[in-house]
Number of protein chains: 2
Amino acid sequence: MNTSFEDMLNKLNENNIRLSHQRLKILEYLAENRCHPTVDKIYNELHKDFPTLSKTTVYNTLNLLTKINIVRIVNIEDNETRYDICTENHGHFKCESCGRIYDFSIDIDSFTTKELDGFKINEKDIYFKGICPKCIKN
Amino acid sequence: MNTSFEDMLNKLNENNIRLSHQRLKILEYLAENRCHPTVDKIYNELHKDFPTLSKTTVYNTLNLLTKINIVRIVNIEDNETRYDICTENHGHFKCESCGRIYDFSIDIDSFTTKELDGFKINEKDIYFKGICPKCIKN
DNA sequence: AAGTATTTAATAAACATTATATAATAATAA
DNA sequence: TTATTATTATATAATGTTTATTAAATACTT
């Protein structure tokens, strides 16, 4: 599901969530920086231009947006929680050398298995790890 | 890669890691309890019969075993790190209702995408979430 | 403008994980 | 066996992340 800005506003409305200045800024940041940032990164970047923003608010907002499926958690590494705006089916590749996370599109719907007949599947996450071409060169 | 007990011992030897009593117990627990336990669960269960075992040791051992690919981290949820003995290709399904994690076999090697040409892929993790048949009944 | 609900921020608390240093254990060699 | 060394385990403290709590600020309604 690709999420346009209008879709987001609709979802916020449906859930009676106001689009505060803080929430708008965090959403904008996620939309413009598709680097799957951590809470820390989001906070530090926004804090520069928005010094009153608190980290608690970043946590609260991300949890809120995750709950209504505007944002998704990228759990590719156990010691860092990253966040991504929900977009159509794609997987995540993390380079073990430079740490960068790449998106790759993949038809997740086609992944099924008879073993899961009778299971209701709400979410599918595909995580790959390895070395990216840039790091292979070096 | 399916890991037999002998394979494990070999890997420990290759890496000059002694099979201490603590490590054996933790390995045994993982082999016999394929429930993808958390550190806490492993610690609490083993602590009953082995009161001197410390949680630090559980952490150290799991990190050690992860490094040499005897154990793998199951990162399906961001607020809990779980552990699994490495076995042949399979994915993990977490029931959002009862919390149980199910294994399902899946041919992970067949998942590829042209977008990752030039990438060296070392690890593939497949995580599904939803509701399991038992919970659908209720 | 007053009253109400929502949102934010600061602080403290909870929790998980790692670092450090000491004690215990096992391996090796004299 | 004993002494020496390396490895491992433990306890404690430290770190880091996330959540709870509460009071202040803001926005909405009438």
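Order of the sequence lines fixes the chain letters, A, B, ..., with proteins taken first and strands second; residue numbering starts at 1 for each chain. These numbers come from the heavy atoms of this one structure, side chains and all, not from hydrogens, waters or symmetry mates.
Rounding to whole angstrom units, CD1 of residue A:Ile42 and P of D:dT18 are separated by 11 Å. If you measure from atom NZ of A:Lys25 to atom C1' of C:dT8, you get 17 Å, rounded to the nearest angstrom. The nearest whole Å value for the distance from the CG atom in B:Leu24 to the C1' atom in C:dA26 is 16 Å. Whole-Å rounding puts the B:Leu64 CG to D:dT8 P distance at 8 Å. Taking atom CG of residue A:Leu62 and atom P of nucleotide D:dT19, one finds them 10 Å apart after rounding to whole Å. If you take CG of B:Asn16 and P of D:dT8, they are 9 Å apart, rounded to a whole angstrom. The separation between A:Asn75 atom CG and D:dT18 atom P is 10 Å, rounded to whole Å. A straight line from CZ of A:Arg82 to P of D:dT17 spans 13 Å, rounded to a whole angstrom.
Looking at residues two or more places apart in sequence or on another chain, you find a side-chain contact (heavy atoms from CB on, under 4.5 Å) between B:Cys35 and B:Asn33, B:Pro37, B:Lys41. Here B:Asp103 pairs with nothing under the salt bridge (Lys or Arg N to Asp or Glu O under 4.0 Å) rule; sequence neighbours left out. For B:Asp84, the salt bridge (Lys or Arg N to Asp or Glu O under 4.0 Å) criterion is met by no residue, not counting sequence neighbours. Residues satisfying the salt bridge (Lys or Arg N to Asp or Glu O under 4.0 Å) test with B:Lys114, not counting sequence neighbours, are none.
Annotation: of the two residues near DNA chain D, B:Thr61 and A:Asp40, the 5′-most nearest-nucleotide partner is B:Thr61.
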Identify every side-chain donor-acceptor pair in residues 17-31 of chain A under 3.5 Å, counting partners at least two apart or on other chains, and give the distances.
from: A:Ser20; atom 1: OG; to: A:Arg23; atom 2: N; distance (Å): 3.2
from: A:Arg23; atom 1: NH1; to: A:Arg18; atom 2: O; distance (Å): 2.9

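With hydrogens and angles ignored, the 3.5 Å screen pairs no side-chain donor or acceptor of B:Thr57 with any backbone N or O of B:Leu53.
If you check residues 44-53 of chain B against DNA chain D, the residues with a heavy atom closer than 4.0 Å are B:Thr52, B:Leu53, listed by number.
Residue pairs meeting the side chain to side chain donor-acceptor pair (under 3.5 Å) criterion with at least one partner in residues 129-138 of chain B, sequence neighbours excluded, are B:Glu77-B:Lys129. The list of ring pair (Phe, Tyr, Trp, His ring centres under 6.0 Å) pairs with a residue in residues 60-80 of chain A, not counting sequence neighbours, is empty.
In this structure, A:Ser54 does not reach the C:dT8 phosphate: none of its side-chain N or O atoms is under 4.0 Å from OP1 or OP2.
Applying the under-4.5 Å side-chain rule to Ile, Leu, Val, Met, Phe, Trp and Tyr, the cluster around A:Ile136 extends to A:Ile131. Under a 4.5 Å side-chain heavy-atom cut-off, the cluster of Ile, Leu, Val, Met, Phe, Trp and Tyr residues that includes A:Ile106 is completed by A:Phe93, A:Tyr102, A:Phe104, A:Ile108, A:Phe111, A:Leu116, A:Phe119, A:Ile121, A:Ile126, A:Phe128, B:Phe93, B:Tyr102, B:Phe104, B:Ile106, B:Ile108, B:Phe111, B:Leu116, B:Phe119, B:Ile121, B:Ile126, B:Phe128.
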Readout for nucleotides 17-24 of chain C: B = base within 4.0 Å of protein heavy atom, S = sugar-phosphate only, - = neither; 5' to 3' it is BBB-----
Once base and sugar-phosphate atoms are separated, protein heavy atoms under 4.0 Å mark nucleotides 25-30 of chain D, 5' to 3', with B, S and - as ---S--
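Under the Watson-Crick and G-U wobble criteria, each requiring two contacts below 3.5 Å, nucleotide C:dA30 is paired to D:dT1.
The pair B:Lys94-B:Glu96 fails the salt-bridge criterion, with no side-chain N (NZ, NE, NH1 or NH2) lying under 4.0 Å from an Asp/Glu carboxylate O.
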